[in-house]
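The block underneath contains the structure these notes are about, expressed in structure tokens.
Counting begins at 1 with the first residue of the sequence. Note that this is a predicted model, so its numbers are computed, not measured.
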Amino acid sequence: MAAPAASPQQWESPRSVANKSDKRTLVRAIRLALGLESAAVRRNTQTFNRNRYREAGALADYDALKDEARAIKEQAIANLPDLLATLERVVRARGGSFYLASTAADACRYVLGICQSHGAKLMVKGKSITSEEIRLNHTLEGAGIEVAESDLAEFILQVADEQPSHNVAPAMHYSTERISALFKSKFSTTEPLETGEQLTKFARERLRQKFLNADIGFTGANLIAADTGTLMLVESEGNIRMSSLLPPVHIALAGIEKVIPTREQMGPFFELLALSFNGKLSSYTSFIQPPLDEPPFSLSGRPRRKREFHLVLIDNGRMKMRQDPVLQEALYCIRCSACMNSCANFQTVGGHAFGGEAYSGGIGGSWEAGTGALENARFSDLCTGCSRCVNNCPVRIDIPWLNEALRDRLNRASVGSPLASLIGLAAGVRGDDRRASSQKLFFANYHRFAKWGARMAGLSNRMAHTPLARSILQAVVGLDSRRALPAFTSRTLVRAAREIASTRGSAAKAVLFADVYTNYGSAERGLATLKVLGALGADVVVSDAVPEGRAALSQGMIATARRQARRAAKTLLPYLDQGRDVIVVEPSALAMFRRDNHHLLTDQALFELLRARSYEPVEYVARLIAQSGRPARDFFDVEASPVGSRLFYHSHCQQRTLGSAAPTETLLRDIGFDVATSSVECCGMAGSFGYKKEYYDLSMAVAEDLFAQLIAAEASAAGGGRALVASGTSCTEQFHGGLGRMALHPMELLAAILKT
């Protein structure tokens, strides 16, 4: 989405919309970001993400490094009180000062006290998101102390009076043109500021004197070793080195979670931190053990002497997070921003919409709730649970689960409404889950409405297209009237399966799980799966249609999701006991069985059994073909394809993160199809997300990348159209909603080309 040209005066400061404490404010922030910031944010995050994929893929011990880093952080957080005591002794023994601040106000008072004791007029400051958390600049400037942000991006934002939109690249939402307009306006200059080099030179000239004349130098710390007091400082410009070395006083501020046991344990983080951001090693990584002597040369004219050092560690809710069984995991975060760069919604709007007062992105909600207030984490609704961030996190944080838990807490903290209570009562929702909004109650219990919709399919489908019904649905449950609704089928998968002869082969034994979406809306996918597996010699039966918990989990209704997950597991257990594998057509349901039930099932042995025995249908087909020892073309005839041989295939986001997407592409090519695949990892629909009136525009904006790739594939040198094939219900609905085109499920295509 192209951003319109704008001067700084036309931009409403994101500080005015930073606290997403209600949906109206969040929607407003999304619209602002889509209108002005989207193009720059999308370009930059996607570039970082591509680079990281390339470099991480070439790193032989990438997974081992992640495991090592995770183990170090787990150990550090578990032993944090002892590490803090050790670190204090070491810092004081080296001649430095150590202060553990309990709150943001406490930390600000201490730093201000140091500045005032030195009569400081100027602090030069390296980039620090922790200082944003405690609003340090506001405190110092209120006391008449000038704070000079030395990082170029932070310098730009300070001039613009904006908060960062990204942990590592704070001004990534700014284009060169916007920066140029900002500088010319704020500094009343006529200098040519048209290139990055010109803008950097302009900022450097203004910062040079700040470094030379600063009374106080300020930095954060990426990590701190308790055994030596070593600070690990990672940057791309060298400004942190200047801030930590030139002024006579150095203050380092960091959260207590940055402390790890030893200097040697910084090794894996040195390799992972910058690589996880943009695929490259940082230009400047410093390991220092302050206090440091001033350099042998004197740029400031002051005599060379031992410099004063203060290490300020801040709690500000972190110890409480450490005791929290859910939020504790957020303390493992190393601020690499991989979760932001890999997130489709963040790529589209950035941190001014997908963020709070200090922290942004998928991990940001936990930090806002832990160090501030729970209501500041409402922007976590923008996490769709696609799970692509989980595989990208260098310390393996389950960020979707954190956000689902935050939604659960926000639901329970809400007052609720009579309408929501009525919907909850009709849906059979129990306890505090009834406090959720009417919208969340509706989507979390879609299986109940789908059941009745299928019973009266003809009437339901006719009513769903009337303006009155759409207006009511938008007003009552927030279902955007612009989004086409899928039709209910009167012949559900379970009913149809009872009407046809069961397959009784010997190649394998399986049960097809009748998930809600396949059973009530896309039975043809399930029937195609039965047909193909039967033709390959499998003995397949169909389960009862029960919700597996995905819909409730995505709305933050964890108690409801847990009951549904247990019911689904109980439904499938007899089939597992019979030695049957579980085939799951809908990828989001498969993700529940393979990953999310870890949080919902108390019986971990049952979870492991279900995880190991659950399969995506084409993945299972490929397995059966491999076991037969025959080529795929013995079973399928590409010439029989009703849509031709040229395909455009898009796999579901959770299917990709589970590692079950590749078999479809491989099999289609082995059969003889000409397959173009999307590199887009998320279509933007994300189950209920794209239906909600608050997020419809964002959903469609995310989909622009997918649509553009399809158009490019059809306009390539080979030319001609391509039939759409997609594995997820959401993906097919997004294609239909955005392009007016229908997409086949891979199993439908395979069923159509079976050799008889």
Side-chain angles (χ1 to χ4, degrees), residues 96-97 111 114-115 118 120-132 136-137 140-141 145-159 164 167-171 183 187 196-224 229-254 258 270 273-274 277 280-312 335:
S97 297
V111 174
I114 297 170
C115 295
H118 287 273
K121 300 297 183 184
L122 172 63
M123 171 188 283
V124 65
K125 185 167 169 283
K127 179 161 65 68
S128 164
I129 194 171
T130 309
S131 70
E132 293 284 342
L136 178 63
N137 288 18
L140 298 179
E141 290 166 351
I145 298 170
E146 180 186 355
V147 179
E149 293 284 0
S150 63
D151 177 82
L152 177 58
E154 292 283 8
F155 174 78
I156 292 166
L157 297 182
Q158 187 174 38
V159 172
N167 282 356
V168 180
F183 282 4
F187 294 105
E197 290 78 6
Q198 291 171 336
L199 290 168
T200 302
K201 181 175 181 293
F202 182 84
R204 184 187 296 121
E205 290 172 349
R206 278 146 188 79
L207 287 171
R208 183 175 290 117
Q209 291 305 313
K210 304 293 185 183
F211 283 121
L212 297 178
N213 297 319
D215 306 294
I216 306 287
F218 178 94
T219 70
N222 296 96
L223 288 172
I224 307 170
T230 302
L231 308 183
M232 177 177 168
L233 301 168
V234 181
E235 56 180 323
S236 59
E237 299 170 6
N239 296 334
I240 291 178
R241 287 185 178 179
M242 301 281 278
S243 300
S244 62
L245 188 60
L246 288 180
V249 179
H250 174 200
I251 302 173
L253 171 75
K258 297 296 183 68
F270 169 74
L273 183 55
F277 166 52
K280 303 176 182 178
L281 284 176
S282 176
S283 301
Y284 302 90
T285 300
S286 304
F287 299 88
I288 64 173
Q289 292 177 209
L292 303 174
D293 290 338
E294 286 195 353
F297 49 87
S298 177
L299 298 176
S300 62
R302 292 187 292 260
R304 182 173 181 266
R305 61 184 177 85
K306 194 80 169 181
R307 299 169 66 253
E308 186 174 315
F309 172 69
H310 296 263
L311 177 60
V312 183
R335 305 283 192 273

- Message: Test side-chain contact (heavy atoms from CB on, under 4.5 Å) on R335 and N222; report intermediate values, then the result.
- Response: CA-CA 8 Å; R335 305 283 192 273; N222 296 96; 5.7 Å; no
Quick one: are [X] and [Y] in side-chain contact, heavy atoms under 4.5 Å?
{"X": "S286", "Y": "I240", "value": "no"}
{"X": "L157", "Y": "P164", "value": "yes"}
{"X": "H250", "Y": "I288", "value": "yes"}
{"X": "F211", "Y": "N239", "value": "yes"}

- Residue set satisfying ring-ring contact (aromatic ring centres under 6.0 Å, His included) with F155, at least two apart, ordered chain then number -> F183
- Not counting sequence neighbours, which residues clear ring-ring contact (aromatic ring centres under 6.0 Å, His included) with F277? List them please. F48, H166
- Item | Verdict with reasoning, I224 to L311, per side-chain contact (heavy atoms from CB on, under 4.5 Å) | CA-CA 10 Å; I224 307 170; L311 177 60; 3.9 Å; yes
[X] and [Y]: which non-hydrogen atoms are nearest, and at how many Å?
{"X": "S97", "Y": "H310", "result": "CB-ND1, 3.3 Å"}
{"X": "A214", "Y": "V124", "result": "CB-CG1, 3.6 Å"}
{"X": "I145", "Y": "A120", "result": "CG1-O, 3.7 Å"}
{"X": "L233", "Y": "G220", "result": "CD2-O, 3.1 Å"}

- Step by step, would you call M123 with L140 a side-chain contact (heavy atoms from CB on, under 4.5 Å)? CA-CA 9 Å; M123 171 188 283; L140 298 179; 3.6 Å; yes
- Message: Test your reading of the model: is there a side-chain donor-acceptor pair from D215 to the backbone of K121, 3.5 Å cut-off?
- Response: yes
- Message: Salt bridge or not between E197 and K201? Use side-chain N to carboxylate O under 4.0 Å.
- Response: no
- Among all residues two or more places apart in sequence or in another chain, which pass the side-chain hydrogen bond (donor to acceptor under 3.5 Å, both in side chains) test with T285? none
- Message: Restricting to side-chain hydrogen bond (donor to acceptor under 3.5 Å, both in side chains), what partner residues turn up for N167, sequence neighbours left out?
- Response: none
Distance check, rounded to the nearest 0.5 Å: [X] atom [atom1] versus [Y] atom [atom2]?
{"X": "L152", "Y": "T200", "atom1": "CG", "atom2": "OG1", "answer": "5.0 Å"}
{"X": "L122", "Y": "L212", "atom1": "CG", "atom2": "CG", "answer": "10.5 Å"}
{"X": "I114", "Y": "I251", "atom1": "CD1", "atom2": "CD1", "answer": "4.0 Å"}

- By side chain to side chain contact (heavy atoms under 4.5 Å, CB included), A274 pairs with (sequence neighbours left out) S282
- Message: Enumerate the salt bridge (charged side-chain N to carboxylate O under 4.0 Å, His left out) contacts for residues 146-155, please, sequence neighbours excluded, ordered by first and then second residue.
- Response: K125-E149, E146-K210
- Answer yes or no on whether R307 is positioned over the face of F309, meaning its NZ or CZ is under 6.0 Å from the six-membered ring centre and within 45° of the axis. no
- Message: Tell me which one of S150, S128, C115 satisfies side-chain contact (heavy atoms from CB on, under 4.5 Å) with F218.
- Response: S128
